[in-house]
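This is a predicted model, so every value here is computed, not measured.
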Amino acid sequence: MIPTNPYGHVNEDLSAVANEARRKRRRRYLTSIVIIAGFAVGIIILLAVTAGNFRTPRFRVRSATFGTLNVVNSTTPSFDIVMNTEVGIRNRNFRRFRYRRTTVDFYYREQKIGEGIVWNDRVKGRDTRKFVVPVVLSSENVTSSSELQNDVNRGVLALRSRSRLTGRFKILIVIRRYKHVNMDCSMDLVIATRELTNISCR
Ligand SMILES: *[C@@H]1O[C@H](CO)[C@@H](O)[C@H](O)[C@H]1NC(C)=O
Ligand SMILES: *[C@@H]1O[C@H](CO)[C@@H](O)[C@H](O)[C@H]1NC(C)=O
Ligand SMILES: *[C@@H]1O[C@H](CO)[C@@H](O)[C@H](O)[C@H]1NC(C)=O
């Protein structure tokens, strides 16, 4: 007599249950792969859309007040001026812009007459950081005294400020996007009224 296995029936059931469980597990596994892949694609698209898309911040001279303002109006003209220059960095992006220290150079007719320091710091998203940069402007190295004589006579000095700021935006902790920001402003210093007017930046 062939011994019958009283549990044969049960075994079949058990293996069917095991198969079903395995199938379920596989389905769950595939589902999580699809979800993770979906997330990855989403993040990549988000990065592609935002990463290269930062607007260059604006960097400019906004106004100034004056300390010492010695201007000699004679045939040997000269000036020695302490200008407290208000500078602004405007960040139109939603992310913080962190910049490095730089200098702002001031010119009178292509001759450098002074410089100020912008210390490393940051601008919040959608914000403008304003601060005062003290600068000493000196005619010490100005060679064209006839032009200077004309301007001093008229009472208006045409100045120019130039600078280059380097900073970065951070995305997802590890990705950094660098931006170089140039300043090139022209302005008129009215000696009698101690005013900085006609500030115009490119
Ligand atoms: C004038 O030139 C000298 C020599 O190049 C330099 O050391 C000095 O700092 C300059 N002065 C100003 C006000 O730029
Ligand atoms: C500079 O001196 C000249 C001659 O003395 C005079 O005519 C002119 O008004 C003076 N300019 C200023 C801004 O004081
Ligand atoms: C400001 O610019 C205008 C136009 O260029 C000019 O007429 C005016 O004299 C300037 N002001 C000063 C103070 O130089």
Side-chain angles (χ1 to χ4, degrees), residues 43-44 46-69 79-144 147-148 151 156-191 194-202:
I43 285 170
I44 288 168
L46 189 73
L47 282 185
V49 167
T50 58
N53 228 1
F54 289 110
R55 301 169 81 183
T56 305
R58 296 255 172 84
F59 181 29
R60 53 172 303 173
V61 166
R62 297 170 53 90
S63 65
T65 58
F66 295 90
T68 306
L69 206 149
F79 58 79
D80 176 24
I81 299 167
V82 175
M83 182 162 83
N84 300 309
T85 321
E86 194 196 37
V87 166
I89 303 174
R90 180 169 168 226
N91 177 15
R92 289 169 298 164
N93 304 283
F94 286 98
R95 275 172 203 284
R96 190 164 64 194
F97 180 65
R98 194 186 281 271
Y99 54 88
R100 295 186 194 141
R101 174 192 186 278
T102 190
T103 58
V104 182
D105 297 330
F106 287 83
Y107 297 83
Y108 169 77
R109 297 184 186 271
E110 300 308 314
Q111 175 60 55
K112 187 173 160 185
I113 54 167
E115 70 175 37
I117 296 173
V118 170
W119 296 99
N120 54 309
D121 213 320
R122 67 194 103 162
V123 196
K124 283 184 289 186
R126 300 239 130 216
D127 198 11
T128 302
R129 176 169 275 256
K130 300 167 207 162
F131 46 93
V132 171
V133 177
V135 194
V136 176
L137 306 174
S138 159
S139 59
E140 171 185 22
N141 294 334
V142 174
T143 48
S144 163
E147 279 174 327
L148 182 55
D151 287 349
V156 178
L157 294 176
L159 306 179
R160 195 141 183 211
S161 68
R162 292 207 192 102
S163 181
R164 184 173 166 87
L165 190 73
T166 299
R168 63 166 162 76
F169 297 97
K170 223 189 226 181
I171 317 156
L172 288 182
I173 305 162
V174 288
I175 302 173
R176 286 158 191 195
R177 285 282 174 275
Y178 286 86
K179 278 276 184 195
H180 301 291
V181 188
N182 292 318
M183 175 204 281
D184 187 355
C185 302
S186 60
M187 61 208 86
D188 293 322
L189 199 177
V190 185
I191 297 161
R194 301 168 71 99
E195 271 181 317
L196 196 64
T197 62
N198 279 356
I199 302 171
S200 144
C201 300
R202 280 197 271 169

>> Just to verify, which of Leu196, Asn198, Thr85 counts as forming a side chain to side chain contact (heavy atoms under 4.5 Å, CB included) with Met187?
In response: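 For Met187, the side chain to side chain contact (heavy atoms under 4.5 Å, CB included) check succeeds only for Leu196.
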Residue pair [X] / [Y]: nearest heavy atoms and the distance that separates them:
X	Y	value
Glu115	Thr103	OE2-CG2, 4.0 Å
Val133	Gly116	CG1-CA, 3.6 Å
Leu165	Arg100	CD1-O, 3.8 Å

> When you measure from the side chain of Arg126 to the backbone N and O of Arg92, does any donor-acceptor pair fall under 3.5 Å?
Replying inline: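 Looks like yes, one N/O pair under 3.5 Å.
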> Are the side chain of Arg194 and the backbone N or O of Phe66 linked by a donor-acceptor pair below 3.5 Å?
Replying inline: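 Pair found, side chain donor or acceptor close to backbone of Phe66.
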Side chains of [X] and [Y] in contact at under 4.5 Å (non-hydrogen atoms):
X	Y	answer
Asn141	Lys112	no
Leu189	Ile81	yes
Arg109	Val142	no
Ile113	Phe79	yes
Arg164	His180	yes
Ile89	Asp121	no

> If you look only at pairs with a residue in residues 99-140, which of them pass as a ring pair (Phe, Tyr, Trp, His ring centres under 6.0 Å), with sequence neighbours excluded?
Replying inline: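 Ring pair (Phe, Tyr, Trp, His ring centres under 6.0 Å) check on residues 99-140 returns no pairs.
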Show every donor-acceptor pair shorter than 3.5 Å between a side-chain atom in residues 54-62 and any protein atom, with sequence neighbours excluded, or say none if there are none.
from	atom 1	to	atom 2	distance (Å)
Arg62	NE	Glu86	OE1	3.3

> Does the pair Ser139 and Leu148 meet the rule for a side-chain contact (heavy atoms from CB on, under 4.5 Å), with working shown?
Replying inline: CA-CA 9 Å; Ser139 59; Leu148 182 55; 4.1 Å; yes
